[in-house]
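The structure appears right after this line, and notes come after that.
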Protein chains: 2
Amino acid sequence: MILKSQVEWALHCCAILAGLPEGRYLSTKALAELHGLPKEYLSKALQSLSQASLVNTTLGPSGGYRLARASSEINFLDIVEAVEGSARSFTCTNIRENNPCRAEGYCDSKPCAVARIMWEADEAWRNTLRRVRLSDLVSILSEEVPAELWQSTFAWVLKRAG
Amino acid sequence: MILKSQVEWALHCCAILAGLPEGRYLSTKALAELHGLPKEYLSKALQSLSQASLVNTTLGPSGGYRLARASSEINFLDIVEAVEGSARSFTCTNIRENNPCRAEGYCDSKPCAVARIMWEADEAWRNTLRRVRLSDLVSILSEEVPAELWQSTFAWVLKRAG
DNA sequence: GGTTTTCGGATATGATATATCCTTAATTCC
DNA sequence: GGAATTAAGGATATATCATATCCGAAAACC
Ligand code: FES
Ligand code: FES
């Protein structure tokens, strides 16, 4: 059970977009360069964010991506589910139905106990991600990343933001 | 991020083994038949349980599997990790290192904030699974499964247990 | 009109999950 | 001792999914 690397990419990109001044856009090219990622493939992750309405896009030479709402209104789960999908990690294939002792036509009323427990764990994972806002990540980063690097990075970004 | 179906299989098999009388073994063949699963492939899941020391095995005509310890001493995480592995679902590929603004040779002191948050969610998932014992599942099942089916199933199992 | 950009579709490649087969060694039963 | 049964593990095949690249269309900017 491994999340795709697109999840990491999307999170880092959102953190950068969160620092963008109102109304400016940042292109896939800039985001790919900044993170050392394949531009074409990163583009797919950004498209997922766009389809989930987490970011707005515009075309043309000064186009690119920006957050669709305030970074305090976007949480980690929004981003993770945008690229990873919202399907549960555990799927019940109902093998209990194959029990040869079961009466013909017998139908279970509830989802089975095994699945319910696994789904509970899934919910705990989701709840943790739901509680962390993108703005929280930005706060942490702005404290942890050396001030010099933090500033030069946003200077670099602003030079490329349309 | 999808768990393999072996996880479901292992959980159901453990629930059955938990109902086995002291010292008896149940073969892969019986477990596969009971759940309608490919015997050879289910065998791989059971081997994983064996390598994790969750079950004991014995060879020969009356051989098979039994729990290595009491069902109250085995939790869901034990079983899930036995077949799924214990690697974290999120891996930090350190793309922050690719930032062109970083000074040469600069080395980060801690794991990055993104990874720490994702790992926290992972821990929440694991903790939930850790809190549920195999004996808890058996209790739930014994209440939920119709008494008739529950009894006939264990009669079926006992007839095949060596 | 030419350039730059997002978007979607097509396609290729690699890794992993799923599944089967076969050999070996241990155990039971006769 | 010999035959039958079983788990363990290696080899292999197939399907699905993650990763990655490429291209054409449409939109925006100059
Ligand atoms: S029948 Fe297996 S998890 Fe529901
Ligand atoms: S650098 Fe991306 S998660 Fe650590």
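Basis for what follows: all heavy atoms, side chains included, without hydrogens, waters or symmetry-related copies. Naming convention: chains lettered A, B, ... in sequence-line order (proteins, then strands); numbering from 1 in each chain. Predicted, not measured: the structure shown is a model, and the values here were computed from it.
- Contact check, Q47(A) against dG8(C): a side-chain N or O comes under 4.0 Å of OP1 or OP2.
- Note: CD (E40(A)) to C1' (dT6(C)) measures 11 Å, nearest angstrom.
- Neither OP1 nor OP2 of dT5(C) sits under 4.0 Å from any side-chain N or O of T58(A).
- At a threshold of 4.0 Å, the pair E144(B)-R116(A) counts as salt-bridged, since one of the basic side-chain nitrogens sits closer than that to a carboxylate oxygen.
- G162(B) comes within contact range of no nucleotide atom at all, as no heavy-atom separation falls under 4.0 Å.
- Across the interface with DNA chain D, nearest-nucleotide mapping of K4(A) and L46(B) shows L46(B) to be the residue nearer the 5′ end.
- Which of dT19(D), dC21(C), dT21(D) sits closest to the side chain of S5(A) comes down to dT19(D).
- S43(A) places no side-chain N or O within 3.5 Å of a backbone atom of K39(A) that could act as its donor or acceptor partner.
- In this structure, the CG atom of L37(A) is 12 Å from the P atom of dT19(D), given to the nearest Å.
- OP1 or OP2 of dC7(C) has at least one side-chain nitrogen or oxygen of S50(A) nearer than 4.0 Å.
- Between Y41(B) and dT20(C), a side-chain N or O to OP1/OP2 separation shorter than 4.0 Å is absent.
- Judged by distance alone, the side chain of R88(B) and the main-chain N or O of M118(B) form no donor-acceptor pair under 3.5 Å.
- Across all strands shown, Y25(A) has no heavy atoms under 4.0 Å from either base or sugar-phosphate atoms.
- Candidate nucleotides dC22(C), dA7(D), dA28(D) were compared by shortest atom distance to the side chain of L59(A), and dA28(D) ranks first.
- Taking side-chain N and O atoms only, T57(B) has no distance below 4.0 Å to OP1 or OP2 of dT6(D).
- Regarding contacts with the backbone of dG8(C), a side-chain N or O of Q51(A) is found under 4.0 angstrom from either OP1 or OP2.
- Comparing K44(A) and P61(A) by the nucleotide of DNA chain D that holds the closest heavy atom to each, the one mapping nearer the 5' end is K44(A).
- A donor and an acceptor atom, one from each side chain of R96(A) and N98(A), are nowhere located under 3.5 Å apart.
- In terms of phosphate contacts, S43(A) brings no side-chain nitrogen or oxygen within less than 4.0 Å of OP1 or OP2 of dC7(C).
- Note on L59(B): it does not cluster hydrophobically with L46(B), by side-chain heavy-atom contacts below 4.5 Å among ILVMFWY residues.
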